[in-house]
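Written out below as structure tokens is the structure these notes cover.
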Amino acid sequence: MNRIIASLLAITAFSTLIPAQNVKTRVSIMTSKGEIVVELDSAKAPKTVRNFLDYVNSGFYDGTIFHRVIKGFMIQGGGFTPDMNKKKTKEPIQNEANNRVSNRRGAIAMARTGDPHSATAQFFINTVDNGARGLDFKSESEGGWGYCVFGKVVKGMPVVDAIEGVRTSSNGMMGDVPVTPILIKKVSVAKETPTPAAAEKK
């Protein structure tokens with residue numbers, strides 16, 4: 001009996017050294033309108049998720065705003081302070097939009113300039129299905145890359161909708177800026193949850 005118990009303890013100790021499989025990271029975006037929780041897809045967009053989490057863990061997003069809000073399209077944030085000063089970022093990352101994950105309602109994707117591989121820290125959440133509007137990957141030509149989806153909202157779409165509905169105006173050279181700043185108070189890793197495939201193995 002003692003040998004059986006010892007063997008079970010050894011197996012348990014060994015299993016704790018094995019990293020969990022099929023686990024997806026969830027990130028909490030606490031805003032002045034409420035909490036949004038996104039589940040990241042590192043299997044489909046590994047470089048993008050790593051980049052996003054680097055910014056999250058460094059506290060970069062804390063105190064930024066949703067600076068661009070377009071009703072019937074998306075809400076964009078993560079790059080400007082409430083006084084509309086742009087924050088300094090790391091180097092741009094490679095566009096992984098060729099993962100062919102669609103910019104559907106609730107999908108979170110990286111914002112960028114006209115250069116396909118120019119995304120840094122800014123992200124947007126689709127408020128409608130935007131895949132057919134040219135946001136999805138079509139080809140590797142300059143105009144066909146689209147915007148990389150790296151996760152989805154799993155909690156807080158009413159908060160997203162509330163942000164989408166705020167009154168906007170121009171601020172300097174930038175349009176679609178909320179009249180009352182929508183503050184991103186805190187962005188942090190919320191928890192990790194096993195995917196259905198992992199749960200079935202238990």
Side-chain angles (χ1 to χ4, degrees), residues 19-20 23-70 74-97 99 101 103 106-113 115 117-127 147-164 166 168 171-174 176-194:
V23 170
K24 290 192 175 182
T25 301
R26 289 188 173 187
V27 168
S28 167
I29 304 172
M30 187 60 69
T31 80
S32 52
K33 289 284 189 181
E35 184 186 33
I36 303 165
V37 178
V38 295
E39 186 175 84
L40 309 182
D41 193 345
S42 58
K44 292 288 189 179
K47 294 176 183 177
T48 308
V49 168
R50 192 180 310 121
N51 175 72
F52 181 71
L53 287 175
D54 282 347
Y55 281 112
V56 169
N57 292 327
S58 70
F60 177 91
Y61 292 122
D62 301 351
T64 59
I65 58 172
F66 279 100
H67 63 274
R68 186 170 177 238
V69 172
I70 303 177
M74 57 92 224
I75 62 173
Q76 180 176 333
F80 287 83
T81 60
D83 53 3
M84 294 302 292
N85 282 326
K86 190 174 183 179
K87 295 191 70 173
K88 184 177 177 59
T89 64
K90 300 182 300 175
E91 291 299 308
I93 59 171
Q94 181 180 347
N95 193 334
E96 294 180 300
N99 61 15
V101 180
N103 281 272
I108 182 171
M110 293 304 297
R112 60 172 177 81
T113 67
D115 178 350
H117 306 289
S118 59
T120 53
Q122 291 184 41
F123 59 88
F124 64 92
I125 298 173
N126 293 277
T127 58
Y147 295 79
C148 177
V149 171
F150 63 96
K152 62 183 179 182
V153 174
V154 292
K155 176 185 175 184
M157 275 308 291
V159 176
V160 174
D161 292 337
I163 295 171
E164 180 195 26
V166 301
T168 61
N171 190 318
M173 297 293 290
M174 191 175 295
D176 306 306
V177 180
V179 173
T180 300
I182 306 299
L183 186 65
I184 297 175
K185 297 178 177 179
K186 179 77 176 175
V187 181
S188 58
V189 175
K191 63 179 180 178
E192 293 186 334
T193 56

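All residue numbers in this chain count up from 1 along the given sequence.
- Distance check: Thr120 OG1 to Lys88 NZ gives 11.0 Å after rounding to the nearest 0.5 Å.
- Remark: Asp54 engages Lys90 in a salt bridge (Lys or Arg N to Asp or Glu O under 4.0 Å) (not counting sequence neighbours).
- In this structure the side chain of Thr25 never reaches within 4.5 angstrom of the side chain of Val49, judged on heavy atoms.
- Among Val187, Ile184, Ile182, the one residue that satisfies the side-chain contact (heavy atoms from CB on, under 4.5 Å) test with Thr64 is Ile184.
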(request) Report the C-alpha separation of Thr48 and Ile93 in whole Å, then their side-chain angles, then the decisive distance to 0.1 Å, and conclude whether the side-chain contact (heavy atoms from CB on, under 4.5 Å) test is met. (result) CA-CA 7 Å; Thr48 308; Ile93 59 171; 4.1 Å; yes

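- For the atom pair CD1 (Ile36) and CD1 (Ile125), the distance works out to 4.5 Å, reported to the nearest 0.5 Å.
- Between Val69 and Ile163, the closest heavy-atom pair is CG1-O, 3.4 Å.
- Minimum interatomic distance between Thr89 and Ala121 (heavy atoms only, all atoms of both residues): CG2-CB, 4.0 Å.
- Met74 places none of its side-chain heavy atoms less than 4.5 Å from the side chain of Asn103.
- Among all heavy-atom pairs drawn from Val56 and Ser188, the shortest one is CG1-CA, 3.8 Å.
- Atoms CD and OG1, from Glu164 and Thr127 in turn, are 3.5 Å apart once rounded to the nearest 0.5 Å.
- Inter-residue side-chain proximity for Lys86 and His67 is flagged as unmet; no heavy-atom pair is nearer than 4.5 Å.
- Atom NZ of Lys24 sits about 4.0 Å away from atom CG of Asp41, to the nearest 0.5 Å.
- Here Glu39 contributes atom CD and Arg26 contributes atom CZ; the two are 4.5 Å apart, rounded to the nearest 0.5 Å.
- Annotation for Lys87: atom NZ counts as buried by contact number, over 12 foreign heavy atoms lying within 6.0 Å.
- Put simply, the side chain of Met174 reaches to within 4.5 Å of the side chain of Phe80, judged on heavy atoms.
- For the pair Val177 and Thr168, the minimum side-chain heavy-atom distance is 4.5 Å or more.
- Using a 3.5 Å distance cut-off with no hydrogens or angles, the side chains of Thr113 and Asp115 do not pair a donor with an acceptor.
- In terms of heavy atoms, Arg112 sits closest to Ser118 at CB-OG, 3.3 Å.
- Taking 4.5 Å as the limit, every side-chain heavy atom of His117 sits out of range of all side-chain heavy atoms of Pro92.
- Listed by chain and residue number, Lys186 satisfy the salt bridge (Lys or Arg N to Asp or Glu O under 4.0 Å) test with Asp62 (two or more places apart in sequence, or in another chain).
- In terms of heavy atoms, Val149 sits closest to Asn99 at O-ND2, 3.3 Å.
- Counting only heavy atoms from C-beta outward, the side chains of Gln76 and Ile70 never approach each other to under 4.5 Å.
- Residue pairs meeting the ring-ring contact (aromatic ring centres under 6.0 Å, His included) criterion with at least one partner in residues 24-54, sequence neighbours excluded, are Phe52-Tyr61, Phe52-Phe123, Phe52-Phe150.
- A 4.5 Å side-chain heavy-atom check between Val166 and Thr180 finds every atom pair outside the cut-off.
- Shortest non-hydrogen contact noted between Glu96 and Pro46 is OE2-CD, 3.4 Å.
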